[in-house]
Amino acid sequence: MSKALVWLRNDLRLSDNPALAAAMRHGSVVALYIHETDQALRPPGGAARWWLHHSLRSIAVQLAQIGVTLRVDTGEATEVMRRAARGFDQVHWNRRYAPAQRTIDAANKSDLAAQGIEVQSHPGNVLAEPWTIATGAGKPYSVFTPFWRSLKATDIARPLTAPTGGPIKAPEVDAEYREPVWAKKLSRHWKIGEEAAHETLHDFLDQRLSLYPQGRDFPARAVTSRLSPHLRHGEISARQIWHAAKALAHAEPERAADVEKFLSELAWREAPAELEAWKTGRTGIPLVDAGMRELWQTGFMDNRVRMLTASILAKNLLIDWRTGEAWFWDCLLNADVANNPGNWQWVAGSGMDASPYFRIFNPIAQGERFDAEGDYVRRFVPELAKLPDEWIQKPFDAPESVLSKSGVTLGETYPFPIVDLKATRARALEAMKAL
DNA sequence: TGCCGATTCCA
DNA sequence: GGAATCGGC
């Protein structure tokens, strides 16, 4: 009998779970969840860890009802997978899209292939996979509105139904987890698991959606969907939400505008791939990446680099400065309510005593002025270390011969820039003039 | 604690 | 053809 292993990650549901469905078609199935300890991944915070624990317990019971055992393990993904996949002839998972996650998944894929195990990856928890929505020039959209127009015109895949099978006894999972005392407060506000996720969706569509477009920005009204923790852990898929809301708009056309507003907010989940590149120091602009990696590795960032990385996010990428502020807040050892938000507002030009709106940093020019020998870039972006000073701040302009001599392959060892500095500068000035 | 393109000046 | 300067964004 053929055996398939399903690696569950952020997809803790039975319905519309392409990896699980494919594995079930193949033969007998075991599911695996790994608490990944890879350095490149951020471990979940306390609250998310609490949710995850209960979500795992919930899905373990559901899986047992269709004859699937859930195993839970801890360690580096490739280490755990190498052991766990022994004896299986297929491994399935649903794709994830953050750079660090993709690196890990690619490593696993080749590792398993070397063991003679077939790996099949399936669409992750998105409406449309990133490479299916592109501009006329074949590049990812960098502005939400055209992205949304394009997404709306796309056929979003229909959700799959949950697989069936004969029940077995549910295993005890995540046994080492100890419920923190503060979790009692949380548990009064949330129900966790796939069933609860669908209840939340339908409560929202029935009761709060009509108030959503007007009320969503007013926290006291509490009319938002509250689906985000369910989505985060994959207890419900974006496709399921999409089609449930579309079905409502079809049945009650007078509510179509409300549905559209809600779905456009759902689509925001999928727009900012750039935010992830910024956070993880993979923008393709050396000084920005050095700063973001310093922040992540050390909990500190040089002040000039703070201004510059903030300027890139708020002005070139036109991402809400509060998103960047939240990331700094998480990562900085010296973040303080008195300065962190204030500094961000200064850069974004939205606070009192703001920097003038037209002050947009150019990280290449800044690098050439303040890191002329490239020492700082070399320290935190070692894959560029062998580039000569002349090109260390702008590898994308370096001649091919210089790149190859320095062991740099753009798009492979180091990313192409995710922003066109000139074009995004012009766009920012345009956008701010409009204000 | 800005960037950029145009202009001017000098070699 | 490069450095210095300046105004507009």
Side-chain angles (χ1 to χ4, degrees), chain A residues 142-143 145 274-275 277-279 281 283-296 298-329 331-377 379-381 384 388-399 402 415-435:
Chain A
S142 52
V143 179
T145 304
E274 294 162 332
L275 176 63
W278 179 83
K279 283 183 181 175
T283 66
I285 298 167
L287 190 55
V288 173
D289 291 344
M292 297 308 294
R293 294 187 203 182
E294 177 184 29
L295 174 64
W296 173 236
T298 72
F300 181 83
M301 193 195 296
D302 167 85
N303 180 60
R304 173 159 293 277
V305 187
R306 288 188 200 192
M307 294 190 290
L308 181 133
T309 51
S311 170
I312 284 288
L313 187 80
K315 296 193 172 172
N316 296 83
L317 296 177
L318 291 181
I319 291 175
D320 191 327
W321 64 268
R322 289 167 294 188
T323 312
E325 194 276 325
W327 180 252
F328 273 43
W329 182 259
C331 294
L332 279 173
L333 296 169
N334 64 353
D336 187 293
V337 282
N339 65 38
N340 199 49
N343 291 342
W344 273 90
Q345 288 194 55
W346 182 84
V347 171
S350 72
M352 46 172 79
D353 186 30
S355 75
Y357 74 92
F358 49 79
R359 184 177 291 158
I360 298 172
F361 287 77
N362 179 329
I364 301 163
Q366 291 278 309
E368 288 172 343
R369 268 173 72 194
F370 298 104
D371 187 37
E373 282 84 49
D375 294 340
Y376 180 73
V377 165
R379 180 147 77 238
F380 290 105
V381 191
L384 299 178
D389 297 359
E390 188 185 357
W391 303 110
I392 186 91
Q393 303 292 349
K394 45 179 179 186
F396 35 84
D397 286 341
V402 172
F416 285 104
I418 62 162
V419 281
D420 178 338
L421 292 171
K422 192 175 155 142
T424 55
R425 177 178 197 275
R427 183 183 74 182
L429 287 170
E430 197 62 34
M432 288 183 282
K433 204 161 59 177
L435 283 177

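To find a chain, count down the sequence lines: A is the first, B the second, and so on, and within it residues start at 1.
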**Student:** Counting distance alone, no hydrogens or angles: does the base of dC9(C) have a donor or acceptor under 3.5 Å from a partner atom on the side chain of Arg359(A)?
**Tutor:** no
**Student:** Give the rounded distance in Å between these two atoms: CD1 of Ile364(A) and P of dC3(B).
**Tutor:** 11 Å
**Student:** Side chain of Gln366(A): nearest nucleotide among dC9(C), dC3(B), dT1(B)?
**Tutor:** dC3(B)
**Student:** Taking only N and O in the side chain of Lys315(A), is any of them less than 4.0 Å away from OP1 or OP2 of dC9(C)?
**Tutor:** no
**Student:** Just the rounded figure in Å: distance from C1' of dC9(C) to OH of Tyr357(A).
**Tutor:** 5 Å
**Student:** Given atom CD of Glu368(A) and atom P of dG2(B), what is their separation to the nearest angstrom?
**Tutor:** 17 Å
**Student:** Tell me what Arg306(A) touches on the nucleic acid: a base, only sugar-phosphate, or nothing, going by heavy atoms under 4.0 Å.
**Tutor:** nothing
**Student:** Should the pair Arg306(A) and Phe300(A) be classed as cation-pi, given the thresholds of under 6.0 Å to the six-membered ring centre and 45° from the axis?
**Tutor:** yes
**Student:** Quick one: Asn316(A) CG to dC3(B) P, roughly how many Å, whole number?
**Tutor:** 11 Å
**Student:** Tell me the interatomic distance from Asn343(A), atom CG, to dT1(B), atom C1', rounded to whole angstroms.
**Tutor:** 11 Å
**Student:** Is there a salt bridge (charged side-chain N to carboxylate O under 4.0 Å, His left out) between Glu368(A) and Lys394(A) once you walk through the steps?
**Tutor:** CA-CA 9 Å; Glu368(A) 288 172 343; Lys394(A) 45 179 179 186; 3.3 Å; yes
**Student:** Which nucleotide in the set dC9(C), dT1(B), dG5(B) lies at the smallest distance from any side-chain heavy atom of Met307(A)?
**Tutor:** dT1(B)
**Student:** At under 4.0 Å, does any side-chain N or O of Asn303(A) touch on OP1 or OP2 of dT1(B)?
**Tutor:** no
**Student:** Which whole-number value in Å describes the distance from Arg369(A) CZ to dC4(B) P?
**Tutor:** 12 Å
**Student:** With the side chain of Phe358(A) defined as its heavy atoms from C-beta on, choose the nearest nucleotide among dG5(B), dG2(B), dC3(B).
**Tutor:** dG2(B)
**Student:** Compare all side-chain heavy atoms of Tyr376(A) with those of Val305(A) and state whether any distance is below 4.5 angstrom.
**Tutor:** yes
**Student:** Could you tell me whether Asp302(A) and Arg304(A) have a side-chain N and a carboxylate O separated by less than 4.0 Å?
**Tutor:** no
**Student:** How many Å lie between CD1 on Ile312(A) and P on dT1(B), as a whole number?
**Tutor:** 19 Å
**Student:** What orientation do Trp344(A) and Phe328(A) show, parallel under 30°, tilted 30 to 60°, or perpendicular over 60°?
**Tutor:** perpendicular
**Student:** Take atom CD1 of Ile285(A) and atom P of dC3(B), then tell me their distance rounded to the nearest Å.
**Tutor:** 13 Å
